[in-house]
**Q** 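Here it is: the structure, laid out below.
As a basis for the values below, the full set of heavy atoms in this structure was taken, side chains included, without hydrogen atoms, waters or symmetry mates.
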Amino acid sequence: MTTLIKTIPYQILDEDKRKILSRLFLVIIAFSSIFYVYFAGLTIKQMLEKNKNEEHFKLINREYQQNEEKYFRILAQLDLEQARLLGFIDPKKGEFIVYQSAAVARR
């Protein structure tokens with residue numbers, strides 16, 4: 001009985017249809033393999049790009065922190081006397097000169 005059940009599908013299909021179905025099956029397996037390899041490679045490439053971007057972000061963040069620390073160190077050292085030594089002029093005491101130039105292009 002089991003041999004009868006196993007041979008029934010083959011008896012329904014003729015030789016040409018079996019060849020077409022087997023070739024179609026092989027083509028489907030080949031395309032599935034190609035798509036699997038392609039998408040696996042794409043996924044790996046995206047993961048590597050993500051890791052590269054994370055490393056770059058860490059580097060930028062580290063530089064930002066160093067610049068921020070440097071800024072706060074300089075700000076802590078800066079007082080009014082230091083600012084005057086660097087060229088700060090108190091605007092309340094200084095004189096301001098305003099100059100207005102004539103327009104170059106005229107009608």
Side-chain angles (χ1 to χ4, degrees):
M1 171 108 174
T2 57
T3 57
L4 180 65
I5 294 173
K6 289 181 180 177
T7 58
I8 287 176
Y10 292 110
Q11 290 174 353
I12 294 172
L13 298 175
D14 60 347
E15 187 68 28
D16 291 336
K17 288 183 181 179
R18 275 190 268 161
K19 285 182 182 179
I20 290 172
L21 284 176
S22 64
R23 288 179 183 163
L24 181 65
F25 183 67
L26 290 175
V27 168
I28 290 172
I29 289 175
F31 276 119
S32 299
S33 300
I34 291 170
F35 283 128
Y36 175 78
V37 169
Y38 172 74
F39 286 119
L42 189 64
T43 303
I44 291 170
K45 181 180 175 185
Q46 288 176 347
M47 288 174 54
L48 291 175
E49 189 70 27
K50 179 185 170 203
N51 290 341
K52 179 181 161 188
N53 289 340
E54 285 178 355
E55 290 298 321
H56 186 66
F57 178 73
K58 287 178 184 177
L59 178 67
I60 290 173
N61 196 16
R62 193 175 308 123
E63 288 176 2
Y64 174 77
Q65 288 175 351
Q66 289 173 350
N67 287 338
E68 190 176 34
E69 289 174 5
K70 182 179 176 184
Y71 167 76
F72 284 126
R73 263 188 275 117
I74 291 172
L75 189 63
Q77 294 173 354
L78 190 63
D79 57 355
L80 187 59
E81 194 59 41
Q82 182 71 21
R84 286 189 179 129
L85 289 174
L86 293 174
F88 174 75
I89 300 172
D90 193 8
K92 295 177 184 174
K93 298 179 182 176
E95 295 181 16
F96 295 98
I97 300 173
V98 178
Y99 176 75
Q100 182 177 1
S101 63
V104 176
R106 294 186 184 188
R107 292 186 184 192

**Q** To the nearest 0.5 Å, what is the distance between CZ on Phe35 and CG on Leu42?
**A** 12.5 Å

**Q** By side-chain contact (heavy atoms from CB on, under 4.5 Å), which residues pair with Leu85, not counting sequence neighbours?
**A** Gln82

**Q** What distance do Phe25 atom CZ and Ile29 atom CD1 have between them, rounded to the nearest 0.5 Å?
**A**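 Answer rounded to 0.5 Å: 3.5 Å.
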
**Q** With a 4.5 Å heavy-atom cut-off, do Lys70 and Arg73 have their side chains touching?
**A** yes

**Q** Is the shortest side-chain heavy-atom distance between Leu21 and Arg18 below 4.5 Å?
**A** no

**Q** Indicate if Tyr38 and Phe31 have the same hydrophobic cluster label, given that clusters are the connected sets of ILVMFWY residues with side-chain heavy-atom separations under 4.5 angstrom.
**A** yes

**Q** Same cluster for Leu26 and Tyr36 if Ile/Leu/Val/Met/Phe/Trp/Tyr side chains link at under 4.5 Å?
**A**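 Looking at the clustering, Tyr36 is in a separate group from Leu26.
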
**Q** In Å, rounded to the nearest 0.5 Å, how long is the span from OH of Tyr64 to CZ of Phe57?
**A** 11.0 Å

**Q** Measure the spacing between CD of Glu15 and CD1 of Ile20 and express it to the nearest 0.5 Å.
**A** 11.0 Å

**Q** Mind checking the CZ-CD1 spacing from Phe39 to Ile44? Nearest 0.5 Å is all I need.
**A** 14.0 Å

**Q** Have a look at Lys50 and tell me which of Glu54, Met47, Gln46, Lys52 forms a side-chain contact (heavy atoms from CB on, under 4.5 Å) with it.
**A**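 Considering Glu54, Met47, Gln46, Lys52, a side-chain contact (heavy atoms from CB on, under 4.5 Å) with Lys50 is found only for Glu54.
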
**Q** Answer yes or no: is there a side-chain heavy-atom contact under 4.5 Å between Glu49 and Lys45?
**A**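 SC-SC contact between Glu49 and Lys45 ruled out.
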
**Q** If you measure from CZ on Arg23 to NZ on Lys19, what distance do you get to the nearest 0.5 Å?
**A**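 Reported to 0.5 Å precision, the distance equals 6.5 Å.
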
